[in-house]
Amino acid sequence: MSNNDQNVSEQQEQRRKNLEKMKELGVDPYPHEFEVDTTAREILDNPAWVQEEDDQEKVHVSVAGRMMTQRVMGKASFFNLQDSTGTIQVYIRRDDVADEELGRDLYNKVFKKLLDIGDIVGIKGYIFRTGTGEVTIYAEHFEVLGKSLRPIPIPKEVEIDEGETKVYDAFADKEQRYRQRYLDLLVNPDVRETFKQRTEMIQIMRDHMNEQGYLEVETPILQPIYGGASAEPFETHHNALNMKLYLRIANELYLKRLIVGGYKGVYEFAKDFRNEGISRFHNPEFTQVELYVAYKDYEWMMEFVEQMIENIAQQLHGSTEIDVGDHTIDFSTPWPRIPMFEAIEDETGMDLYGADLEELRKAADELSVEYEEEDGKGKLIDNIFEDSVEPQLIQPTFITDYPIEMSPLAKKHRSKEGLVERFEVICNTKEIANAFTELNDPLDQRERFEEQARLRAEGDEEAMTIDEDFLRALEYGMPPTAGLGIGIDRLAMIMTNSPSIRDVLFFPLMRPE
RNA sequence: GGACCGGUAGCUCAGAUGGCAGAGCAACGGCCUUUUAAGCCGUGGGUCGAGGGUUCGAUCCCCUCCCGGUUCACCA
């Protein structure tokens, strides 16, 4: 879009004219800086600053932000100034802001005529209280800091009862909110709060892991061999090396190499990419934190993760109980631990531990669980579990001890035949964490990879490929290790009571406009 | 990819067996020195998501397409 763009609305045209007129008056609509010394929040939080009596000393402040409403009453006006912390009312009078260059024109023309809602302004003045009791800045100096050329949506919040507010004309169209997140953030304060909480959540986790002495690391996003999960990758190409590369679907195999390298614990908040469907719970790029700790097992990891997440709830909401949708979720530890086959038996009455393929198909048929002809035992069990157990699990629950077929990177269970030492945390009917005692036996790992390769040859496009360098690393020796992955977006959805993953991603993937 | 719902002014939304397209806020011109969804008087603003079809006439009915939401399938 250029200045010559013919598709400007009447209101955009008006704003461009106002911009020109400002320049003609010698007002710079885009100055280089403004000295801010106070925020709206600070003013509202400091009642002592308010000049209540005429003989009281004035507290002078310098604030900047966007003008969101304007109430002009002839020679004086009120407007609301929104900064990063909130909204403060400003009272501005013609004769009190008149300056040497423009005199009364600063108010009569610049403020009253040429300033538009959404413009960014700077105010210097003192704090007083209006007749109706609202803490307000009495402007003694006013200047334009950034002209806005497009009308912004203007939700109006009205207080109905004590604390009860009603919002009129909210900027509500989800498509526009996702496409123009800057507007969404600007006019919907709860959106700013949601993303702030997401960041705080990540910070709490980072602190929690740093306190244990684990090292935050970075590993490749562009990978010649993708691995660590079962998923379709995005493909790309490196020109200079003339080489096919994949955007990572997980960073597991790299982090385990670092454990081989001798660190006691490593973690990474990693953007992963999966070339699969988009839904309320899936975005093609999403964030996981993965953590690997040497000399620990999955039992230890269960305690670690439940404490970390309880801690998040506590710090974010001051309580271990959080309202999510229609439910109240209680993160107080310890969380129940239910072996997968027990969970299935509890819900279906069927004991499928040790069942062969035929028996599993029969069970799936009885439960009306769909499956494909080529699905193996692992897939069948997974489907049965997802259909019968997951929808029942609202409170955070550890599901433990998964079939070996669905866990090619997990260590065999120390006592249960055919299972691995793995757990998932299910919360609000969704998986939010996945962990296992890591497979560190290089010969076993090679067999598992080869089994994956067989599945792949049979047409399973999500089966893993053999990573020879990873095997070589294991052959040098990896200590017993516990590994964990947490879906950051999914957890953020729960912690912020957001119904869609798009509500916790600033810029969810959208088709081009 | 399937099903269902939606797209009308800058924002939120009405609307009509198919007959000049509406409201509130926003904008524009006036009045107003403690207002607060400020108020009062006046004015302008629309390719009714896009393209075809039916019709004297389509924003409305039919078809195709685009974009979004929810949901199912796949996945985390």
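All of these numbers come straight from a predicted model, not from anything done at the bench. Each chain gets a letter, A, B and so on, in the order its sequence line appears, and its residues count up from 1.
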Heavy-atom donor-acceptor pair, A/Arg94 side chain to A/Arg104 backbone, under 3.5 Å: no

From A/Lys147 NZ over to A/Asp119 CG, what is the distance, rounded to the nearest 0.5 angstrom? 3.0 Å

Hey, does A/Ala229 reach any base, or is it just sugar-phosphate, or nothing, if we go heavy atoms under 4.0 Å? nothing

Select one nucleotide: of B/U35, B/G69, B/U33, the one nearest the side-chain heavy atoms of A/Arg71. B/U35

Pairing partner of B/C65 (Watson-Crick or G-U wobble, both distances under 3.5 Å): B/G49

Side chain of A/Glu134, base of B/U34: donor and acceptor closer than 3.5 Å? no

Determine the contact category for A/Arg15: base if any of its heavy atoms lies under 4.0 Å from a base atom, sugar-phosphate if only primed atoms, P, OP1 or OP2 are that close, otherwise nothing. nothing

Within the 4.0 Å heavy-atom criterion, would you say A/Val72 contacts the bases, only the backbone, or no part of the nucleic acid? base

Position toward the 5' end of RNA chain B (nearest nucleotide), A/Gly277 or A/Phe128: A/Phe128

Base, sugar-phosphate or nothing for A/Arg179? Non-hydrogen atoms, less than 4.0 Å. sugar-phosphate

Look at A/Arg502 and B/G69 and indicate whether a side-chain polar atom (N or O) is within less than 4.0 Å of OP1 or OP2. yes

Residue whose nearest RNA chain B nucleotide is more 5′ - A/Asp489 or A/Ser500: A/Ser500

Check every strand shown and say whether A/Arg93 touches a base, only sugar-phosphate, or nothing at a heavy-atom separation below 4.0 Å. base

Counting the atoms with a prime plus P, OP1 and OP2 as sugar-phosphate, which does A/Arg177 contact under 4.0 Å by heavy atoms, base, sugar-phosphate, or nothing? nothing

Polar contact flag, side-chain donor to acceptor under 3.5 angstrom, A/His327-A/Gln395: no

May I ask which nucleotide in the shown strands pairs with B/C25, Watson-Crick or G-U wobble, both distances under 3.5 Å? B/G10

With a non-hydrogen cut-off below 4.0 angstrom, is A/Gln288 in contact with a base, only sugar-phosphate, or nothing? nothing

Determine the interatomic distance between P on B/G22 and the same-named atom on B/G46; round to the nearest Å. 13 Å

Please determine which of A/Asp489, A/Thr496, A/Asp503 meets the side-chain hydrogen bond (donor to acceptor under 3.5 Å, both in side chains) test together with A/Arg198. A/Asp489

Describe the nucleic acid contact of A/Glu10 in one word from base, sugar-phosphate, nothing, applying a heavy-atom distance below 4.0 Å. base

Hey, does A/Asp173 reach any base, or is it just sugar-phosphate, or nothing, if we go heavy atoms under 4.0 Å? sugar-phosphate

Interatomic distance, A/Ile344 atom CD1 to A/Ser388 atom OG [nearest 0.5 angstrom]: 5.5 Å

Donor-acceptor pair under 3.5 Å: do we get one between A/Asp169's side chain and the base of B/G24? yes

Residue from A/Glu421, A/Met301, A/Lys411, A/Arg422 passing side-chain contact (heavy atoms from CB on, under 4.5 Å) with A/Phe436: A/Arg422

Opposite nucleotide pairing with B/G1, Watson-Crick or G-U, both atom distances under 3.5 Å: B/C72

Once you apply a heavy-atom cut-off of 4.0 Å, does A/Lys379 come out as touching a base, just sugar-phosphate, or nothing? sugar-phosphate

Considering every strand and a 4.0 Å limit on heavy-atom distances, what is the contact class for A/Lys113: base, sugar-phosphate, or nothing? sugar-phosphate

Donor/acceptor link under 3.5 angstrom from A/Gln11 side chain onto base of B/A26: yes

Do the side-chain N and O atoms of A/Thr194 and A/Gln197 include a donor-acceptor pair separated by under 3.5 angstrom? no

Classify the nucleic acid contact of A/Asp382 as base, sugar-phosphate or nothing, counting any heavy atom under 4.0 Å across all strands shown. nothing

Measure the distance between the ring centre of A/Phe78 and the centre of the six-membered base ring of B/A38, then answer whether it is under 5.5 Å with planes under 30°. no

Report the base-pairing partner of B/G44 (Watson-Crick or G-U wobble, both distances below 3.5 angstrom), or none. none

Taking the same atom, C1', in B/U55 and in B/G39, what whole-Å distance lies between them? 49 Å

Once you apply the 3.5 Å cut-off to both distances, tell me the Watson-Crick or G-U wobble partner of B/C56, or none. B/G19

Which nucleotide, if any, forms a Watson-Crick or G-U wobble pair with B/U35, using both distances under 3.5 Å? none

Nearest listed nucleotide, side chain of A/Ile117, among B/U35, B/A26, B/A76: B/A26

